[in-house]
Every structure is written in C-alpha cells, then in structure tokens.
Amino acid sequence: MQIKTLSKLLASIAFCTISASSLAAEVTVSAAASLTNAFKEIAQNYQTQYPEAKVSLNFGASGALLQQIAKGAPVDVFASADQESMDEAQKQGLVLAADRRDFVKNTLVLIAPVDGTLSIKRLEDLTQAGVKRIAIGNPASVPVGRYTQHALTAAKLWHALEAKAIYTQNVRQSLDYVARGEVESGFVYATDAAIMKDKVKVVMDVPLDMPITYPVAKIKASTNADEAKRFIAFLFLPQSQAILTKYGFQKP
C-alpha cells in the first residue's frame, strides 16, 4: 500500500511539474493588426525552434489592445503600431522604458478599389464630389487614423474631409472596406495594401513629418517574463526580420 501511495504521489508531482513547465513556456502577444500576417509566420517559426513553447496571438488596434492590458488582460508582450500607444503604456506603468525597442517601420498610403473609376492621384482629389466615403482608422484608438489625421491636417484638408470619414476599428477593416468597394478610398499602411494587390491599388504614398515606427515591449506584470524576453529577442533575429521584410516592413 505504501509503495502504491508513493507511486501515485510521484506521478502527481511529475504531472504538476510538467504542467508548470508547459505554463511557463506560454507567451501571449498583443500586436497591432497590421502585424497579423508577419507575426503568425514568426510565431510558427518560434514554436518550431522552441517546441516546448506556445505563442498566443491577439491582434487589434494598438489603442484597444492597450486598454485591454490596462484592465488586466494576461498579456506578456505588446507590439504597437505607434510610439504614442507605447508611451501611454509606459506612463501607466504597464511597461518599463528599458524594455521597449523599435523593431520595424512602415509607410502610410492612400488606396482605392483596383477597379475604381475615379481619378484620385493626390490628397486634394479626395475633395471631389465623387468621393463620398473615405475609410480612416478611428484617431481615438487606431494609430493609422492618427497618422492620417496628422497628414490631412498638415495638408489643410482634415476639416474638408472629416465629414466623409468612415471610422474603422483597425487598419485591416479600412483595407476590407476599400477591397469590397464600400468606400471610394482609404488610408492604410503599405504592408496592408501589399496583401490585397488584386483588390486595391496604391494611389500614393502619404507624406508625413514623422516616422511610423513600431515598438515592442515586455509587459511589466507578465507572469512569463523569460519567455516574453525570448520572443522579443526572436523578432530581431535575421530570420524574423526577413519575414517582416517579406511583408513590406522596413528596418527602423
């Protein structure tokens, strides 16, 4: 009886040890919607290189992701599409300044449906009567929306075009609206436009007086700090940077 009891005890200890080990190897990554395709591929490579690891990906607008983290969502890594969201995360004590690093940059572009008949070649062309709807990320929570508002304000067009804006929850929603022809034009990142070349066309690169850089950081309250650090380090390896480049991202 004692031997049988001891065996059960050892088995329970072994099971708990394995479970704890598995839990320690899990990492939850909240990333900007524009990183969806690239991060899915990077996560697969990561799990291939580290078979004991599991990467859970959560995509959305950077502002919305930040709100989730601030409310206590169990996140280990935050990858934002702008510095403002990461600055706010740092201000709220969710990340440490020493833990944030820029890993890619992007470009803002104006797109239209590939079969669109309107002549849109510059920002001023958006004021024409034929352009009734423009997909713009909500500036309150979507970085691409803030970049768009900044660019249109600099071009003295924001007030003229604001009434035409169809605010979206993230950059991929803006892309979908244009691809389906539900709007005459939209503002997205170059990387998003590149994945739907058969449905949208890039009208122009939108000039900005600021770089679109993406910071990544470990969440201060992460319960998987070591795994979070390892995943972030993995983003900077040549193989991961090659994937990001493949999807149109540039080095910061």
Side-chain angles (χ1 to χ4, degrees), residues 10-82 85-86 89-90 92-106 143 170-172 189 191-192 195 213-252:
L10 291 174
S12 297
I13 292 173
F15 176 79
C16 291
T17 301
I18 291 171
S19 299
S21 175
S22 299
L23 184 62
E26 292 180 2
V27 60
T28 299
V29 180
S30 284
S34 51
L35 292 165
T36 300
N37 300 69
F39 265 37
K40 282 183 177 179
E41 190 168 336
I42 290 173
Q44 287 180 345
N45 285 358
Y46 185 83
Q47 291 174 153
T48 297
Q49 185 161 331
Y50 304 109
E52 79 284 3
K54 178 185 177 183
V55 181
S56 296
L57 297 171
N58 176 37
F59 298 106
S62 298
L65 295 176
L66 174 60
Q67 289 179 13
Q68 293 171 7
I69 296 169
K71 290 178 181 178
V75 176
D76 302 300
V77 175
F78 179 37
S80 169
D82 68 341
S85 296
M86 192 63 77
Q90 185 178 323
Q92 293 184 33
L94 302 173
V95 303
L96 297 176
D99 289 336
R100 60 187 285 183
R101 298 173 65 187
D102 296 344
F103 66 105
V104 287
K105 66 179 182 179
N106 215 332
N170 58 63
V171 69
R172 289 298 171 90
Y189 298 121
T191 53
D192 298 293
I195 66 172
T213 51
Y214 287 50
V216 62
K218 176 184 73 65
I219 297 301
K220 185 178 177 182
S222 169
T223 56
N224 303 293
D226 290 341
E227 198 67 37
K229 290 177 182 177
R230 186 166 73 167
F231 182 83
I232 291 173
F234 193 79
L235 292 177
F236 290 86
L237 295 182
Q239 66 192 76
S240 298
Q241 287 292 309
I243 291 172
L244 289 161
T245 299
K246 181 179 75 172
Y247 284 102
F249 290 97
Q250 307 157 32
K251 293 184 178 181

Enquirer: Would you sort out whether L35 and Y247 count as a side-chain contact (heavy atoms from CB on, under 4.5 Å), showing the intermediate values?
Expert: CA-CA 9 Å; L35 292 165; Y247 284 102; over 6 Å; no
Enquirer: In Å and rounded to the nearest 0.5 Å, what is the CG to CG distance from L237 to N45?
Expert: 10.5 Å
Enquirer: Looking only at non-hydrogen atoms, find the nearest pair between A97 and Q90 and report the distance.
Expert: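 Closest approach of A97 to Q90, heavy atoms only: CB-NE2, 3.3 Å.
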Enquirer: What is the distance from atom OH of Y50 to atom CZ of F231, rounded to the nearest 0.5 Å?
Expert: 11.5 Å
Enquirer: How close do V171 and A33 get, counting heavy atoms only, and between which atoms?
Expert: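 In this case the closest contact between V171 and A33 is CG1-CB, 4.3 Å.
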Enquirer: Using a 4.5 Å cut-off on heavy atoms from C-beta on, say whether the side chain of F103 contacts that of I232.
Expert: no
Enquirer: Which atom names give the shortest non-hydrogen contact between D76 and E26, and what distance separates them?
Expert: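 The answer is OD2-O, 4.0 Å.
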Enquirer: Nearest 0.5 Å, what's the CD-CD distance between Q239 and Q49?
Expert: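 Going from the CD atom of Q239 to the CD atom of Q49 covers 5.0 Å.
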Enquirer: Can you tell me how far CG of L96 sits from NZ of K218, rounded to the nearest 0.5 angstrom?
Expert: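 Nearest 0.5 Å value for the NZ-CG distance: 6.5 Å.
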Enquirer: For residues 63-70, dump all side-chain donor-acceptor pairs below 3.5 Å to protein atoms at least two apart in sequence or in another chain.
Expert:
from: Q68; atom 1: OE1; to: N58; atom 2: ND2; distance (Å): 3.0

Enquirer: In Å and rounded to the nearest 0.5 Å, what is the OG1 to CG distance from T191 to N106?
Expert: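 Nearest 0.5 Å value for the OG1-CG distance: 3.5 Å.
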Enquirer: Hey, are the side chains of I219 and V77 touching, using non-hydrogen atoms and a 4.5 Å cut-off?
Expert: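 No, too far: nothing below the 4.5 Å cut-off.
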Enquirer: Listed by chain and number, what are the salt bridge (charged side-chain N to carboxylate O under 4.0 Å, His left out) partners of D192, not counting sequence neighbours?
Expert: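 Only R172 meet the salt bridge (charged side-chain N to carboxylate O under 4.0 Å, His left out) criterion with D192.
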Enquirer: Which heavy atom in K105 sits nearest to a heavy atom in T213, and how many Å separate them?
Expert: CB-CG2, 4.0 Å
Enquirer: Within a radius of less than 6.0 Å around CG of D102, do more than 12 heavy atoms belonging to other residues, nucleotides or ligands occur?
Expert: yes
Enquirer: For S80 and D82, test the side chains for any donor-to-acceptor distance below 3.5 angstrom and give the result as yes or no.
Expert: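 Short answer, yes.
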Enquirer: By the definition side-chain contact (heavy atoms from CB on, under 4.5 Å), identify the one residue from Q44, Q47, K40 that meets it with V55.
Expert: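 Passing option: Q47.
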Enquirer: Who passes salt bridge (charged side-chain N to carboxylate O under 4.0 Å, His left out) against R230, sequence neighbours left out?
Expert: E52, E227
Enquirer: Looking only at non-hydrogen atoms, find the nearest pair between A32 and Y214 and report the distance.
Expert: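 Closest approach of A32 to Y214, heavy atoms only: CB-CE2, 4.5 Å.
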Enquirer: How far does OH of Y189 sit from CD1 of I195, to the nearest 0.5 angstrom?
Expert: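 Result: 13.5 Å between the selected atoms.
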Enquirer: Do the side chain of Q250 and the main chain of T245 share a donor and acceptor less than 3.5 angstrom apart?
Expert: no
Enquirer: What is the minimum heavy-atom distance between S62 and F78, and which atoms define it?
Expert: O-CZ, 3.7 Å
